[in-house]
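Read through the structure below, which is laid out as structure tokens, and then see the notes.
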Amino acid sequence: QAQLVVSGGGLVQAGGSLTLSCASSGSIDSFGAVAWYRQVPGKQREWVASINNSGSTRYVQSAKGRLTISRDIARNTVYLVMNSLTPEDTADYYCGLINTDAQIYWGQGIPVTVSS
């Protein structure tokens, strides 16, 4: 039943930064984990980063050292801070709230385009 509003995407030059936000209408702390995924047309959706309800984070190898997932419990918002972006980061990005049954509640995809 959670409604997710994603913002912060856009066009950026290689080496630049963007911050994505995913605001939930409900408590994100009630979910087991929240995560970011990305998808390129014609490719499978790729998991990028996640943070569980204890604050532990995990990342896909290509994101380590460049992308950071965080959460603001009070604002029911999840963030993805993206630094040192490359054209390979170009994709539609999705946030997902993962419940205890491993069901994922998706936000709308938001495009990130990195030019070179």
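Just so you know, these numbers come straight off a predicted model, no measurement behind them.
- Distance check: Gln44 CD to Arg38 CZ gives 12.0 Å after rounding to the nearest 0.5 Å.
- Taken from CD1 in Ile104 to CZ in Arg45, the straight-line distance is 8.5 Å, to the nearest 0.5 Å.
- Remark: side-chain polar atoms of Asp101 are not paired, donor with acceptor, to backbone N or O of Gln103 under 3.5 angstrom.
- The backbone N or O of Ile69 sits less than 3.5 Å from a side-chain atom of Tyr59, completing a donor-acceptor pair.
- Tracing side-chain contacts under 4.5 Å through hydrophobic residues (I, L, V, M, F, W, Y), one reaches Leu18 starting from Val48; they form part of the same cluster.
- Taking CD1 of Ile110 as the reference point, atom CG of Leu80 lies at 11.0 Å (rounded to 0.5 Å).
- Every side chain to side chain contact (heavy atoms under 4.5 Å, CB included) that Ala35 has, sequence neighbours left out, goes to Tyr37, Trp47, Ser50, Ile98.
- Of all non-hydrogen atoms in Arg71 and Ser54, the two that sit nearest each other are NH2-C, 3.8 Å.
- Residues satisfying the side chain to side chain contact (heavy atoms under 4.5 Å, CB included) test with Ser27, not counting sequence neighbours, are Asp29, Ser30, Asn76.
- To the nearest 0.5 Å, atom OH of residue Tyr93 and atom CG of residue Leu67 are 6.0 Å apart.
- Rounded to the nearest 0.5 angstrom, Ser116 OG and Leu85 CG are separated by 12.5 Å.
- For the side chain to side chain contact (heavy atoms under 4.5 Å, CB included) test, residues two or more places apart in sequence or in another chain that qualify with Asp92 are Tyr94, Pro111.
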>> Assess the residue pair Leu4 and Trp106 against the criterion (side-chain contact (heavy atoms from CB on, under 4.5 Å)); give the C-alpha distance rounded to whole Å, side-chain angles, the decisive distance to 0.1 Å, and a yes or no.
In response: CA-CA 7 Å; Leu4 305 177; Trp106 297 105; 5.7 Å; no
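- Side-chain heavy atoms closer than 4.5 Å link hydrophobic residues (I, L, V, M, F, W, Y) into clusters, and following such links, possibly through other members, connects Ile73 to Leu20.
- Heavy-atom contacts from other residues, nucleotides or ligands closer than 6.0 Å to CD of Gln108 number 12 or fewer.
- Val40 is not listed as a side-chain neighbour of Thr90, based on a closest heavy-atom distance of 4.5 Å or more.
- Among residue pairs with one or both ends in residues 11-36, those qualifying as ring-ring contact (aromatic ring centres under 6.0 Å, His included) are Phe31-Tyr105; sequence neighbours excluded.
- In terms of heavy atoms, Gly9 sits closest to Val112 at CA-CG2, 4.2 Å.
- With sequence neighbours left out, Ser7 forms a side chain to side chain contact (heavy atoms under 4.5 Å, CB included) with Ser21.
- Applying the salt bridge (charged side-chain N to carboxylate O under 4.0 Å, His left out) criterion to Arg75, with sequence neighbours excluded, gives Asp72.
- Linking ILVMFWY side-chain heavy atoms closer than 4.5 Å, directly or via other members, places Ile28 and Ile51 in a single hydrophobic cluster.
- Tested against Arg66, the residues Asp89, Thr86, Asn83 include a single side chain to side chain donor-acceptor pair (under 3.5 Å) partner, Asp89.
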